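The structure displayed is predicted, hence computed values, not measured ones. As the structure lists them, so they are numbered: ligands from 1, and atoms in each ligand from 1.
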Amino acid sequence: MRRYAVFGSPVAHSQSPRIHAAFARQAGIALEYVAIEAGHADFASRLAASGVDGASVTLPLKEDAFALCGERTSARAQRAGAVNTLIREGAHWRGDNTDGLGLVRDLTERHGLDLRDRRVLLLGAGGAARGVAPALLDAGIRALYIANRTAARADALADALGEPARVHPRGWDDLPALGEFDLLVNATSATRGGALPALPMALAAPRSVAVDLGYGEAAVAFLAWARAAGGAQALDGLGMLVEQAAESFLLWHGVRPDTDPVYAQLRAQADALVSAD
Ligand code: ATR
């Protein structure tokens with residue numbers, strides 16, 4: 001049986017094994033998919049010891065996975081500087097990144113948004129932000145403002161994206177002066193620690209859509225802010241999670257799964273947890 005895994009830390013609560021098991025049942029493919037805890041120090045050795053044919057890579061290992069692949073990376077992984085999908089090629093690994101496409105698919109196909117000509121605010125300039133910024137630009141947005149606590153990191157991401165006419169790096173202190181956005185994307189890890197720095201309500205308009213790349217507890221603070229600010233929709237990252245997984249599944253198995261039933265199941269489970277609180 002072919003064997004796959006998700007590597008990260010912490011990884012015990014990852015939904016990826018459930019998602020890939022559901023896709024595999026749908027496609028009639030026999031596979032094993034497990035979660036393997038690994039940090040920077042032991043990722044390479046655990047990956048080698050695992051004997052997997054392919055792997056998903058999550059926090060904090062996406063840059064490590066990119067480095068591990070050397071030259072064998074897709075154009076979209078190179079633009080993100082990060083790899084979330086590893087494909088075995090004999091003794092080597094090829095790396096790709098399906099995060100950005102996953103986000104755009106979720107927003108456009110599941111939630112019916114038209115991203116063309118939109119004014120977008122990306123909060124954060126770390127690995128998660130780098131993963132999604134190129135795909136947002138490719139989707140035809142008009143402007144991408146990148147706001148980060150450490151302004152130099154927003155500058156570095158903007159430089160790497162190489163589109164000065166559309167990409168505008170800013171510091172957190174600049175937020176009150178930026179006006180309204182059609183789409184607000186939280187790609188900071190701030191809320192994982194439970195603390196979202198104050199965001200001006202004026203960033204959101206009644207038409208605005210807010211999306212947190214996280215889900216569960218990690219998404220609560222930003223989505224509560226978005227609802228209080230009066231935007232049209234506040235979305236968590238569960239849809240993106242399922243869509244990026246589907247794209248990885250396609251790379252490994254050559255079959256595109258139907259994501260809707262899998263998303264519906266995870267959504268119901270997540271909503272049940274919230275109403276149980
Ligand atoms: P990830 O891979 O999740 O993006 P990362 O590369 O460590 O993780 O990046 C974390 C992001 O969250 C960064 O943009 C970080 O801002 P800094 O570059 O200034 O560190 C942002 N972040 C983390 N904690 C934050 C906080 N309390 N307030 C604002 N931004 C925060």
Quiz item: Just wondering, more than 12 heavy atoms not from Arg118 lying within 6.0 Å of its CZ?
Solution: yes
Exercise. Measure the acute angle between the ring planes of Tyr145 and His168, then classify it against the limits of 30° and 60° as parallel, tilted or perpendicular.
Key: tilted
Quiz item: So Phe7 and Phe43, would you call those rings parallel, tilted or perpendicular, with 30° and 60° as cut-offs?
Solution: perpendicular
Quiz prompt | Under 3.5 Å: N/O of Thr150 near N/O of ligand 1 | solution = yes
Quiz item: Are Leu121 and Ile146 linked, directly or through other ILVMFWY residues, by side chains that come within less than 4.5 angstrom of each other?
Solution: no
Quiz item: Polar-atom distance check: Glu63 versus ligand 1, any N or O pair below 3.5 Å?
Solution: no
Practice problem: Mind telling me whether Tyr33 and His20 have parallel, tilted or perpendicular rings, with 30° and 60° as the class edges? | Solution: parallel
Self-check item: Residue Pro197 vicinity, atoms of ligand 1 by number, heavy atom under 4.0 Å
Solution: 28 (N), 29 (C)
Quiz item: What distance do Asn84 atom CG and Thr58 atom OG1 have between them, rounded to the nearest 0.5 Å?
Solution: 8.5 Å
Self-check item: Numbered atoms of ligand 1 (with element) below 4.0 Å of Ala128, judged on heavy atoms
Solution: 1 (P), 2 (O), 4 (O)
Quiz item: Considering only heavy atoms from C-beta outward, does the side chain of Ile29 approach that of Phe249 to under 4.5 Å?
Solution: yes
Quiz item: N/O to N/O below 3.5 Å, does that happen between Thr188 and ligand 1?
Solution: no
Quiz item: Excluding sequence neighbours, so at least two apart, what forms side-chain contact (heavy atoms from CB on, under 4.5 Å) with Gln265?
Solution: Arg18
Self-check item: Region of Arg149 that comes within reach of ligand 1 [heavy atoms, distance under 4.0 Å]
Solution: both
Self-check item: Gly127: numbered ligand 1 atoms lying under 4.0 Å from its heavy atoms
Solution: 1 (P), 2 (O), 4 (O), 6 (O)
Quiz item: Considering only heavy atoms of Gly124, which atoms of ligand 1 have at least one such atom less than 4.0 Å away?
Solution: 14 (O)
Quiz item: Among Gly126, Ala198, Ser189, which one has a heavy atom closest to atom 10 (C) of ligand 1?
Solution: Ser189
Quiz prompt | Atom indices of ligand 1 within 4.0 angstrom of Ala190 heavy atoms, with elements | solution = 23 (C), 24 (N), 25 (C), 26 (C), 27 (N), 28 (N), 31 (C)
Self-check item: Which of the ligand 1 atoms, numbered from 1, are nearer than 4.0 Å to a heavy atom of Leu59
Solution: 2 (O), 3 (O)
